[in-house]
There are 2 protein chains.
Amino acid sequence: MSNTKVLPLLDAGDAVAACCPPLTERPFTAEEAETAARMFKALGDPVRLRLFSAVASHEGGEACVCDISDVGVSQPTVSHHLKKLKEAGLLSSERRGTWVYYRVEPSVLAAMGKLLTITPAAA
Amino acid sequence: MSNTKVLPLLDAGDAVAACCPPLTERPFTAEEAETAARMFKALGDPVRLRLFSAVASHEGGEACVCDISDVGVSQPTVSHHLKKLKEAGLLSSERRGTWVYYRVEPSVLAAMGKLLTITPAAA
DNA sequence: TGTCTATGTTGACGTCTATCGATACAGGTG
DNA sequence: CACCTGTATCGATAGACGTCAACATAGACA
């Protein structure tokens with residue numbers, strides 16, 4: 001908490017997109033695991049997964065908070081989870097007038113999908 | 001081995017494999033999110049991710065504990081994390097003589113990959 | 001039998017995290 | 001300006017989690 005000087009949100013996304021080979025290709029290094037685990041961890045909470053899925057499946061890949069906040073937890077908790085997803089590089093946000101819109105980072109989604117690819121060599 | 005039905009490991013794997021559409025297809029229900037989040041959470045720790053990657057990339061998709069336990073934590077911690085991966089349905093284990101071998105569940109890996117597929121409708 | 005190695009389990013400890021109510025901030029409307 | 005709505009932050013708290021040392025268990029071998 002004390003060492004949160006700056007939040008490198010965009011860097012996180014880029015790092016994730018480029019960091020890692022498929023899980024089945026070779027053993028991850030400590031660094032690769034650290035980077036990739038950050039993403040998996042972000043999706044490792046049911047509420048966050050529902051929020052992320054709601055945004056990802058929304059028209060245009062973006063959604064207002066008011067459209068997705070019906071997940072059974074309080075408003076501060078929703079805000080907290082959206083922040084976590086942002087810090088993990090999975091979502092970006094933009095305020096337009098009264099409402100705040102969250103959007104998925106497609107490159108990150110693709111990178112995660114590649115991680116779970118089954119390589120011919122390992123199969 | 002005694003047929004203790006304590007841990008429904010295979011059920012967890014099956015549930016994961018069949019539970020969920022791509023994240024971008026429609027908002028997850030609470031139940032779907034609960035199931036899928038269990039997997040992501042299991043991979044959301046750097047040590048577990050390294051262990052899983054080590055097993056998945058090992059010859060034949062299986063590895064002895066002794067081959068993968070060099071991840072910078074104590075032996076009990078390695079055992080603890082392997083257990084977690086087992087409970088999440090990502091790995092299965094089998095004792096052969098002195099050593100215990102862990103193997104990846106390929107169907108689960110494929111199911112997770114499908115989760116992260118970008119559907120044409122959402123793109 | 002006893003001993004050695006490989007792996008799992010237990011119990012404890014410190015840290016992280018999900019959650020909430022209260023509050024602050026931002027922007028629209030009157 | 002004041003007021004209302006949508007969203008973020010703060011502070012507190014209960015529970016989950018990662019880690020280790022100590023101990024337990026399973027199999028191989030003499």
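So that the names make sense, note that chain A is the first sequence line, chain B the second, and so on, each numbered from 1.
- By the 4.0 Å N-to-carboxylate-O rule, B/E32 lies close enough to B/R26 to be salt-bridged with it.
- Rounded to an integer number of Å, the gap from CG of A/D45 to P of D/dG15 is 17 Å.
- Whole-Å rounding puts the A/L85 CG to D/dT7 P distance at 16 Å.
- B/L109 is listed as a side-chain neighbour of B/F52, based on a closest heavy-atom distance under 4.5 Å.
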Please write out each protein N/O paired with an N/O of nucleotides 8-11 of chain C under 3.5 Å, distance rounded to 0.1 Å.
residue	atom	partner	partner atom	Å
C/dG8	OP1	B/Y102	OH	2.6
C/dG8	OP2	B/S79	OG	3.0
C/dG8	O5'	B/S79	OG	3.4
C/dG8	N7	B/Q75	NE2	2.7
C/dG8	O6	B/Q75	OE1	3.3

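- Identified under the side chain to side chain donor-acceptor pair (under 3.5 Å) test for residues 61-72 of chain A, with sequence neighbours left out: A/E62-A/R96, A/E62-A/R103.
- The interatomic distance linking B/E94 (CD) with C/dT7 (P) rounds to 14 Å, in whole Å.
- Annotation: the span from B/F40 atom CZ to A/D45 atom CG amounts to 12.5 Å, rounded to 0.5 Å.
- Atom CZ in A/R38 sits roughly 12 Å away from atom P in C/dT17 (whole-Å rounding).
- Rounded to a whole Å, the CH2 atom of A/W99 is 13 Å from the P atom of D/dT5.
- B/D67 has its CG atom 12 Å from the P atom of C/dA6, to the nearest Å.
- Between A/S74 and C/dC20 there is a side-chain polar atom (N or O) within less than 4.0 angstrom of OP1 or OP2.
- Close to D/dC17, at under 4.0 Å from its OP1 or OP2, lies no side-chain N or O of A/K41.
- A/L43 places none of its side-chain heavy atoms less than 4.5 Å from the side chain of B/K41.
- Put simply, CG on A/L91 and NZ on A/K86 are 9.5 Å apart, with the number rounded to the nearest 0.5 Å.
- When the side-chain nitrogen and oxygen atoms of B/H81 are compared with OP1 and OP2 of D/dC17, none of them lie within a distance under 4.0 Å.
- Listed for the A/S53 side chain is a donor-acceptor partner under 3.5 Å among the backbone atoms of B/L23.
- Closest contact between the side chain of B/K84 and the listed nucleotides D/dG18, C/dG27, D/dC20 involves D/dG18.
- Atom CZ in B/R48 sits about 15 Å away from atom P in D/dA16, given to the nearest Å.
- Here A/R96 lies out of heavy-atom contact (under 4.0 Å) with every strand.
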